[in-house]
Amino acid sequence: AERRLRRMLEHLVAPQLSTVSLDRSVCLSQTANANAAQEDVVYVPGDFARKSLISSRSQYEELYNEAIADPNAFWGRVAAGYFWQKLWDTSKPICNYNFDADKGPVFVEWFKGGYTNVCYNALDRHVLAGHGHQMCFLWEGNDPGQNAYLTYSDVLKKVCQVANFLRARGVKKGDRVCIYMSMICELPIAMLACARIGAVHSVVFGGFSSESLAGRILDCQAKVLLTCSGGRRANKVLPLKQIVDDALQICLKEGNFRVETCLVYDNSFAIPRQNVPWVQGRDVWWQETISQFSVDSPVEWMEAEEPLFMLYTSGSTGKPKGLIHTVGGYMVYAGLTFKHAFDHQAGDIFWCTADCGWITGHTYVAYGPLLNRATSVIFEGVPTFPDAGRWWQIIDKYQVSILYAAPTAIRTLAAQGDEIVRKYSRKSLRLLGSVGEPISPKTWQWFYDVVGDSRCPIVDTWWQTETGGCMIFSLPGAWPMKPGCASLPFFGVQPVILDQEGKEQHGPCEGYLCIKAPWPGVARTVFGDHERYENTYFKTWKGLYTTGDGCRRDADGFIWITGRVDDVLNVSGHRISTGEVEGALVSHPLCTEAAVVGYDHEVKGQAIYAFVSLSHDATPSDALKKQLQDAVRKQIGAFAAPDVIHWAVGLPKTRSGKIMRRILRKIAARQFNDIGDTSSLADPSVVDQLIKGM
Ligand code: 6R9
């Protein structure tokens, strides 16, 4: 396999690009508004722009306008690039929808009546066309020296074996399968196996606690669970199977629900087999069992609007929602956004550093790259292990040409200085991408200058679990970039910016970001709770999809995402609900009330600040702080533990009892002179008490 990889790399290394940083001649004429401040604009390096798929704003505009004016032609053409066992009903509009909850149930349908299979399009299609020998996954383990290389036909065979196993265990189309694994190749393989047989996968990020996992298993009533014995992150061992066993205990106790089968990949790098807890009859070892199944497996043809997967995400209130993505629309949208956001071309080596437990991993580790027959790197470890040069070493090792990462990791690495980056060549890179949270101009510039040697454009991609794929991004090569700006909507995406009253604003403005009409990748419902889907996304502003983000539009028409406008926190790119953290805190017997806000954090972007009131018989102590943090670790996961716990005698509430988070945010940010109006508080003196208690 190593030799094969080396041979492939010889043929396929990305074109060598010049190191000229500012070739202003290429894109100058394409600026929407030549008055834009020069210092805010970074021109796409000439070499890149000359070779990019979309190389001008006018070319983009033509496609953008067509997608809106004639969605049948535009999306029909894109969808025709895939294999359909039966074509959608072309006598009807390609998209049928209602976004206005007053007019009846909200629904979205694309390619209705068409039958296809995402796994077939991601694997079989390429293998049948003679590309089975092409590298699919280049896997790099947590420890340097651990790697595995799988071609497209290798992956197809493994997927078929897992698919056959699932069928043998009685999994049928529409059944839910939960996946709880670390970033090994078997994770996307498991997802594709589900897609092959029409089972709905629900991947739960390996950092979630047993209680969170149990909640998700119960909510979707998963028939089978796929996991691995353990995972490794830096020097830590994640006892994944132990967490699974705890979760399944909770399912039994609290929901009287039993998962019938648990398939366990023996990841002996992490945990020796004899230390893995085992339940006879329910648990089976992956390697031994799967190898007994055939490497051929028939495809389940799926109607375009049947579910492909569900993924839980946090909102401002209540328990996490299991968003449903469907076969046809998601496939087409994941495929096309991958191609254009990353300007993907033959020979690229793509690396998305996200975990498959999040939407970014679903769309740009598993589905998008495979639908485009890309070769991609999958990395199990962390950026700083064994040292902060690991990412750059991996880039050189695999000749990565496109790197897609999160600002929080980029900030972590920037803090280590430039020297360790410069130790590595990084010559293979030609494009950089960012996702998950706003990237500050400072971090952007470091990424651009140091990591990309001022030679690689940066595509800043704004999107959400709900949107399925990238929505607003700086289409690489098409127009000059502005550091920190997501810029313009993708083909067919119609952003609308509303003011406080919900009035659509035109021209330069700031307000709430909504989307006017459906794109193929929008989530169709919340599993088991369509009403919640309607209430969360379609009731705030009539007839529009509400994103929950705020944004600003500048004179060039470029959109700058300013962050969440609801009670959702973004800690290191992880979406966390304030309500969930508060719920975990008040579950502690000594905590009577809790209010959680975010505050700016150098590396995490946002960190969690919790105001906690204790019952009268409790004494504040460091030990108690730790207990409270542990309560959050246990109920949600370590990544959601509050960084600061502030003992609060009282919380600032309105006379109707609503906590004024605006004030708490100011206190957490230590902006005491900027607290604002406190006259509507039931007891304004609590503010002074809180400040004194800092
Ligand atoms: C893909 C993903 C979605 C929330 C979203 C927004 C924030 C994501 C961003 C960004 C600014 C970007 N967000 N990308 N903010 N610029 N490029 O991250 O999905 O986990 O559902 O989070 O993340 O606030 O609403 P998800």
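When a ligand or atom number is given, it counts from 1 through the structure's own listing order.
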Output yes when D453 and R426 qualify as a salt bridge under the 4.0 Å nitrogen-oxygen rule, no when they do not. yes
E582 side chain vs V596 backbone, donor-acceptor pair below 3.5 Å: yes
Go through the structure and list residues passing ring pair (Phe, Tyr, Trp, His ring centres under 6.0 Å) with H601, not counting sequence neighbours. none
Amino acids in close contact with ligand 1, where any non-hydrogen atom sits under 4.0 angstrom away: I359, T360, V435, G436, E437, P438, D460, T461, W462, W463, Q464, T465, D549, I561, R564, N570, R575
Please name all residues satisfying side-chain contact (heavy atoms from CB on, under 4.5 Å) with T465, sequence neighbours left out, ordered by chain then number. L311, T313, L323, I359, R575
Under the side chain to side chain donor-acceptor pair (under 3.5 Å) test, which residues partner S487, sequence neighbours left out? W479
Verify ring pair (Phe, Tyr, Trp, His ring centres under 6.0 Å) between Y533 and F538, making sure each step is shown before the conclusion. CA-CA 8 Å; Y533 171 79; F538 298 95; 5.3 Å; yes
